Protein chains: 2
Amino acid sequence: MTKSEQQTAKRDAAKEQESVITGPAEDYLKAIYELELAGGAASTNDIAQRLSFAPASVTGMIRRLAEHGLLAYERYRGVTLTAAGRKAALRTLRRHRVIESYLVGTLGYRWDNVHEEAERLEHAASEELIDRMAAAIGEPVVDPHGAPIPTREGVVDETQYCSLADLGPGHRVAVVRVGDDDPEVLRYLASIGIMPGVTIAVLACEPFDGPITLSIENERISIGAPLAAQVLVDMIGGSEAPSH
Amino acid sequence: MTKSEQQTAKRDAAKEQESVITGPAEDYLKAIYELELAGGAASTNDIAQRLSFAPASVTGMIRRLAEHGLLAYERYRGVTLTAAGRKAALRTLRRHRVIESYLVGTLGYRWDNVHEEAERLEHAASEELIDRMAAAIGEPVVDPHGAPIPTREGVVDETQYCSLADLGPGHRVAVVRVGDDDPEVLRYLASIGIMPGVTIAVLACEPFDGPITLSIENERISIGAPLAAQVLVDMIGGSEAPSH
DNA sequence: GAGTCGAATTAGGTTAACCTAAACCAGCTG
DNA sequence: CAGCTGGTTTAGGTTAACCTAATTCGACTC
Ligand SMILES: [Mn+2]
Ligand SMILES: [Mn+2]
Ligand SMILES: [Mn+2]
Ligand SMILES: [Mn+2]
């Protein structure tokens with residue numbers, strides 16, 4: 001083998017490794033996983049919207065992922081993750097959430113600007129790095145926004161919580177999770193005391209997606225429906241299912 | 001503006017940002033910087049070899065980088081970094097070395113497997129993350145292999161050291177830096193006690209790139225010329241310029 | 001069962017970043 | 001100064017990942 005053939009061989013070998021699940025593909029799988037959790041098969045448009053791509057681009061990527069056995073895809077029918085696809089999605093989700101937790105836990109980041117950083121690092125970090133980060137902060141079970149962190153083995157809590165927007169007045173709830181992607185939203189939520197673990201009482205709800213009045217730590221505050229939808233909660237004590 | 005036009009605008013805005021200096025481009029600039037340090041203009045073949053790409057590919061990337069004002073390029077003449085190119089190279093070099101230092105300093109990595117990790121993370125980490133990492137480990141001046149870390153402002157120590165392979169017998173030297181990219185080499189160097197800060201006496205040198213016999217911490221050991229070339233050293237006390 | 005409409009796909013195009021094979025050129029060698 | 005040669009570039013090709021515009025499809029309405 002000549003020297004330049006050796007180099008060529010080395011390049012080919014290096015490519016072999018990952019190849020199929022590229023960075024962009026990881027983001028698609030993650031998005032599809034989350035859409036699927038929310039409601040059945042993920043539609044082309046939903047994926048496009050979540051990732052800010054044109055629908056035509058999504059169709060293209062979907063085809064490729066399906067060819068590689070990561071998605072079950074029938075034209076005009078939306079997509080579902082296969083076992084392999086789900087595994088890959090959870091792997092990326094774990095990375096993302098471990099990174100967010102680590103940045104907040106040990107590097108002094110605040111919860112409103114870790115998402116963007118994690119969105120890039122999740123594709124570059126090795127398994128080893130993620131495991132070391134997780135170990136360094138005590139193997140957390142949720143990320144700074146309350147989202148569950150999949151284990152190394154791909155096990156994750158998929159409990160569905162309802163949001164503040166789904167509740168009627170009179171409920172007492174514990175915040176379990178908030179949307180993680182909009183820094184301004186997160187700063188505002190922090191400023192009014194909404195974060196995982198906090199207890200909230202719903203005082204009033206105006207109809208037609210009107211504002212919702214809450215009591216948080218003895219403070220009274222009204223928030224709009226879109227914001228309320230970003231806050232996932234768990235019923236406390238005697239209260240049960242949402243009132244409609 | 002319609003909703004879909006808004007999305008399109010958002011995509012364009014997002015692209016505007018970096019665009020020009022992509023991940024691969026950062027690796028090219030880094031490689032060119034280091035080749036230039038070693039000796040004048042960087043040749044297409046040298047760059048190709050260092051990055052394990054075909055020379056034709058290098059020509060292509062060089063053209064693009066030159067068009068964007070990062071390289072001074074004349075066909076068949078090799079390339080030189082412009083001020084902008086140098087700045088970008090040092091930015092990436094800083095990232096790389098801060099990351100290596102951080103991984104070793106706080107996550108329990110050993111020095112032999114941080115290079116590969118840093119090679120990917122350097123393209124994904126934000127300026128803020130790098131600065132926080134550097135602060136967390138006390139703003140180190142060199143990375144775990146002894147390579148100088150450029151400051152945030154792009155200032156770096158460019159002192160040229162000679163390697164063990166350049167020395168004649170009788171010299172007493174301090175190791176300042178070792179090659180950072182081959183894990184096996186690094187493990188071996190560590191096993192025989194060669195790492196930055198250690199003092200070495202050169203006992204004997206065989207001609208024709210033969211082995212070099214050293215005394216390290218009162219241990220006697222011979223190493224081959226290629227390995228010796230990876231160890232950069234500083235003269236101690238009375239000794240001066242290399243003996244040829 | 002034809003019409004309609006939004007969602008999805010197809011068609012066709014772009015850019016970055018690689019590749020191999022073929023030409024090309026600069027500088028030395030006889 | 002003609003010829004060689006190794007380094008370099010050009011020519012032509014591939015793949016991933018996006019785009020817009022045009023077409024097609026499914027499902028629901030009249
Ligand atoms: Mn996030
Ligand atoms: Mn991402
Ligand atoms: Mn390195
Ligand atoms: Mn790199």
Side-chain angles (χ1 to χ4, degrees), chain A residues 2-29 31-32 35 40-68 70-71 73-79 123, chain B residues 2-29 31-32 35 40-68 70-71 73-79 123:
Chain A
T2 74
K3 197 161 121 205
S4 109
E5 271 166 358
Q6 257 179 37
Q7 275 224 337
T8 301
K10 190 163 126 204
R11 283 196 294 265
D12 292 353
K15 194 175 292 188
E16 204 71 30
Q17 280 302 316
E18 46 153 89
S19 213
V20 167
I21 306 187
T22 59
E26 290 180 332
D27 283 337
Y28 275 86
L29 292 171
I32 292 164
L35 288 168
S43 77
T44 301
N45 262 7
D46 288 351
I47 300 168
Q49 174 142 35
R50 175 151 314 206
L51 297 175
S52 292
F53 293 142
S57 309
V58 172
T59 301
M61 177 65 98
I62 275 175
R63 233 178 19 74
R64 225 168 311 141
L65 293 177
E67 268 163 21
H68 289 296
L70 297 161
L71 298 179
Y73 171 49
E74 256 181 301
R75 270 161 44 272
Y76 293 96
R77 281 284 150 82
V79 296
H123 313 295
Chain B
T2 74
K3 196 161 122 206
S4 110
E5 271 166 358
Q6 255 179 39
Q7 275 224 339
T8 300
K10 190 163 128 204
R11 283 197 293 268
D12 291 353
K15 196 175 291 187
E16 204 70 31
Q17 280 303 315
E18 45 153 271
S19 214
V20 166
I21 305 186
T22 59
E26 289 180 333
D27 283 337
Y28 275 87
L29 293 171
I32 292 165
L35 289 168
S43 76
T44 301
N45 261 8
D46 288 351
I47 301 169
Q49 174 141 36
R50 176 151 312 208
L51 297 175
S52 292
F53 294 141
S57 309
V58 172
T59 301
M61 178 64 97
I62 276 175
R63 232 178 21 74
R64 225 168 311 143
L65 294 176
E67 268 163 21
H68 289 297
L70 298 160
L71 299 178
Y73 172 49
E74 257 180 300
R75 267 160 47 273
Y76 293 97
R77 281 285 151 82
V79 295
H123 312 294

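Per chain, numbering begins at 1; letters A, B, ... match sequence-line order. Keep in mind it's a predicted model, so treat the numbers as computed, not measured. For the numbers below, each heavy atom of this structure counts, side chains included, while hydrogens, waters and symmetry mates do not.
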Tell me: [atom1] of [X] to [atom2] of [N], nearest whole Å?
X	N	atom1	atom2	value
A:Glu74	D:dT24	CD	C1'	17 Å
B:Asp46	D:dT8	CG	C1'	12 Å
A:Ile47	D:dC18	CD1	P	13 Å

**B:Val20 vs B:Leu65, side-chain contact (heavy atoms from CB on, under 4.5 Å): CA-CA, chis, key distance, verdict** = CA-CA 8 Å; B:Val20 166; B:Leu65 294 176; 5.9 Å; no
Give every pair of a protein N or O atom and an N or O atom of nucleotides 11-17 of chain D that lie under 3.5 Å apart, one pair per line with the distance.
{"unit_1": "D:dA17", "atom_1": "OP1", "unit_2": "A:Thr22", "atom_2": "OG1", "d": "2.2"}
{"unit_1": "D:dA17", "atom_1": "OP2", "unit_2": "A:Arg64", "atom_2": "NH1", "d": "2.5"}

**Complete:** Residues A:Tyr73 and A:Gly78: closest non-hydrogen pair is CD1-O, 4.0 Å
**Closest contact, heavy atoms only, A:Ala48 versus A:Ala54** = CB-C, 4.2 Å
**Set of side chain to side chain contact (heavy atoms under 4.5 Å, CB included) partners for B:Ala41, sequence neighbours left out** = B:Thr80
**Request:** Please identify each residue that fulfils side chain to side chain contact (heavy atoms under 4.5 Å, CB included) with B:Ala31, with sequence neighbours left out.
**Result:** B:Arg50, B:Leu51
**Request:** Would you sketch DNA chain C in dot-bracket for me? Only Watson-Crick or G-U wobble pairs with both distances under 3.5 Å count, crossing pairs as [ ], other-strand pairs as |, the rest as dots.
**Result:** ||||||||||||||||||||||||||||||
**Asked** Which residue pairs satisfy the side chain to side chain donor-acceptor pair (under 3.5 Å) criterion with at least one member in residues 55-65 of chain B, sequence neighbours excluded?
**Response** B:Arg63-B:Glu67
**Request:** With DNA chain D as reference, determine whether A:Arg75 or A:Val58 sits nearer its 5' end, using the nearest nucleotide of each.
**Result:** A:Val58
**Request:** Sugar-phosphate atoms are those with a prime plus P, OP1 and OP2; base atoms are the rest. Using that split, label each nucleotide of nucleotides 2-7 of chain D B, S or - for protein heavy atoms under 4.0 Å, 5' to 3'.
**Result:** -----B
**Sequence-distant partners of A:Thr44, side chain to side chain donor-acceptor pair (under 3.5 Å), two or more places apart** = none
Test item: [X] and [Y] side chains (from C-beta on) under 4.5 Å apart, heavy atoms:
X	Y	value
B:Tyr28	B:Leu71	no
B:Val79	B:Ile47	yes
B:Ile21	B:Leu70	yes

**Prompt:** Who are the salt bridge (charged side-chain N to carboxylate O under 4.0 Å, His left out) partners of A:Asp27, not counting sequence neighbours?
**Reply:** A:Lys30
**Prompt:** Any side-chain N or O of A:Thr59 less than 4.0 Å from the OP1 or OP2 oxygen of C:dT9?
**Reply:** yes
**Message:** Check the phosphate of D:dT10 against B:Arg63, side-chain N and O only, distance under 4.0 Å to OP1 or OP2. Yes or no?
**Reply:** no
**Asked** Looking for any heavy atom pair under 4.0 Å, which part of the strands does B:Arg77 touch: base, sugar-phosphate only, or nothing?
**Response** sugar-phosphate
